[in-house]
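These numbers were taken from a predicted model, which means no experiment stands behind them. Residue numbers start from 1 in every chain, and the chains themselves are labelled A, B, ... in the order their sequence lines are given, proteins ahead of strands.
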There are 2 protein chains.
Amino acid sequence: MGILRKTKSVKILLDEFEKKSTAISAITLIERLHSKMNKTTIYRVLEKLEDDGFLHSFLGKNGHKWYAKCSGCSSDEHHDIHPHFQCTDCGKVDCLSTDVLIPNIPNRKVDMSQILLQGKCEDCYT
Amino acid sequence: MGILRKTKSVKILLDEFEKKSTAISAITLIERLHSKMNKTTIYRVLEKLEDDGFLHSFLGKNGHKWYAKCSGCSSDEHHDIHPHFQCTDCGKVDCLSTDVLIPNIPNRKVDMSQILLQGKCEDCYT
DNA sequence: TATTTAACGCAACTAAGTTGCATTAATTGT
DNA sequence: ACAATTAATGCAACTTAGTTGCGTTAAATA
Ligand SMILES: [Mn+2]
Ligand SMILES: [Mn+2]
Ligand SMILES: [Zn+2]
Ligand SMILES: [Zn+2]
């Protein structure tokens, strides 16, 4: 179930994703907002924002949870399947609009792909 | 540093990977071998087998660690970058020999890709 | 303003993986 | 075969991301 009440916590979290378009890890949000809200609240609000189609989640290189804004999703339709790019220098993670073509795998039906690319981002790439 | 002594634990673990070619999660090995060796030993041996180029590791859909046999790797050269496929029905994970082409991403230098495909495997695909 | 209940804070918990250290056993030399 | 060396092991304690239960707070609505 998604968000029913626009609480202070919801507004603060939405704001974090509004002022920057990069993905943010749950861990980062916890340390950034620990004085403003409890980590349990952070996890719960993020989950609801994902249900609502405002955010989508994925796992970074250590298997930790990251969230980023959706573009054009709703609670009904989550079509935010795309690769993510994590910079090995500054740690920043971005959603990529570039499509990666998954070839047909013999005898298997591929329903989902989870692609994490790593390397140097535009800022760290000299 | 890799393995220096062919201990009982090393042999048992190597055997697990010998009798089946699918990937095995650290968690599975711990529950499968808990009467034969300590989980600390399992994690440590797996790490060394990876150093030696016998195994490679990757993260499954929950961010948990999986290991699979390498083919043609050594401690010097680990060229085992390939996609993995996790069956959403039976949970089995396989290494895929199929290559996924990563397109050039503008202004970024991609050094590594981590691709996890999900769907139905050959056994579960009716 | 009073009522309803979704959302919150807190503390306790879960589980994957790690660390330190005393003990064991594989390897090597005699 | 035996003793010396030290890599590897077991165990307990720890770390940390994420979860759960429950009493309290504060949004929504009337
Ligand atoms: Mn994204
Ligand atoms: Mn593999
Ligand atoms: Zn960067
Ligand atoms: Zn299957």
Side-chain angles (χ1 to χ4, degrees), chain A residues 1-17 23-68 75 84 86 91 93 114 116, chain B residues 1-17 23-68 75 84 86 91 93 114 116:
Chain A
M1 196 186 42
I3 283 182
L4 300 180
R5 296 183 182 178
K6 262 260 170 64
T7 63
K8 208 174 150 190
S9 305
V10 171
K11 284 174 199 157
I12 292 172
L13 274 165
L14 279 175
D15 208 50
E16 290 297 316
F17 287 93
I24 317 177
S25 70
I27 296 169
T28 302
L29 287 168
I30 289 166
E31 65 183 50
R32 192 183 289 174
L33 302 174
H34 69 99
S35 61
K36 292 180 179 163
M37 73 189 78
N38 191 270
K39 69 170 178 174
T40 310
T41 304
I42 292 178
Y43 281 115
R44 288 198 273 228
V45 171
L46 289 173
E47 196 182 8
K48 287 180 181 173
L49 287 174
E50 186 170 21
D51 284 351
D52 287 336
F54 282 114
L55 298 179
H56 62 279
S57 71
F58 56 94
L59 302 181
K61 66 176 150 79
N62 306 121
H64 295 161
K65 211 148 195 194
W66 286 72
Y67 284 87
S75 52
H84 293 98
Q86 185 156 24
V93 176
Q114 200 177 113
L116 181 68
Chain B
M1 194 186 44
I3 283 183
L4 301 180
R5 297 182 182 178
K6 262 260 169 69
T7 63
K8 207 174 152 191
S9 307
V10 171
K11 283 174 198 157
I12 292 171
L13 275 166
L14 279 176
D15 209 50
E16 290 296 317
F17 287 94
I24 316 177
S25 69
I27 296 170
T28 301
L29 287 168
I30 289 167
E31 67 182 49
R32 192 183 290 173
L33 303 174
H34 75 277
S35 61
K36 293 180 179 161
M37 74 189 78
N38 193 269
K39 69 170 176 173
T40 310
T41 304
I42 293 178
Y43 281 114
R44 289 198 272 228
V45 171
L46 289 173
E47 194 182 8
K48 287 179 182 173
L49 287 173
E50 187 170 21
D51 284 351
D52 287 337
F54 282 113
L55 299 178
H56 62 279
S57 70
F58 57 94
L59 302 182
K61 66 177 150 76
N62 307 120
H64 295 159
K65 211 149 194 190
W66 287 72
Y67 284 87
S75 53
H84 293 97
Q86 185 156 23
V93 176
Q114 202 178 111
L116 181 68

Whole-Å distance separating the NZ atom of B:Lys39 from the P atom of D:dA13: 13 Å
Point-to-point distance, once rounded to the nearest 0.5 Å, from NE2 of A:His64 to CG of A:Leu59: 9.5 Å
Phosphate OP1/OP2 of C:dG17: any B:Tyr43 side-chain N/O under 4.0 Å: yes
From B:Gln86 atom CD to B:Trp66 atom CH2, the distance as rounded to the nearest 0.5 Å: 5.0 Å
Nearest-0.5 Å distance that lies between atom CD1 in B:Ile42 and atom CD1 in B:Ile12: 9.5 Å
Length of the line joining A:Leu29:CG and D:dA17:P, which is rounded to integer Å: 13 Å
Under-3.5 Å donor-acceptor pair between A:Arg44 side chain and D:dG18 base: no
Whole angstrom value for the distance that separates P of D:dA17 from CG of A:Leu46: 15 Å
Rounded distance [0.5 Å steps], CD in A:Glu31 versus NZ in A:Lys39: 13.0 Å
Distance in angstrom units between A:Met1 CE and C:dT5 P, rounded: 13 Å
N/O (side chain, B:Lys48) to phosphate O (OP1/OP2, D:dA8) under 4.0 Å: yes
Whole-Å gap separating P (C:dA25) and CG (B:Asn38): 14 Å
Among D:dG18, C:dG17, C:dA25, the nucleotide that comes nearest once only the side chain of B:Arg5 is considered: C:dA25
CZ (B:Phe58) with more than 12 external heavy atoms under 6.0 Å: yes
A:Ile30 CD1 - D:dT19 C1' separation (whole Å): 12 Å
Side-chain donor/acceptor contact of A:Lys65 with base of D:dG18 under 3.5 Å: no
5'-most by nearest nucleotide on DNA chain D - B:Leu4 or B:Thr40: B:Leu4
Rounded interatomic separation in angstrom, taking NE2 from A:His64 and P from D:dT15: 16 Å
B:Lys8 NZ - D:dG10 C1' separation (whole Å): 13 Å
side-chain N/O A:Thr7 vs C:dC8 OP1/OP2, d < 4.0 Å: yes
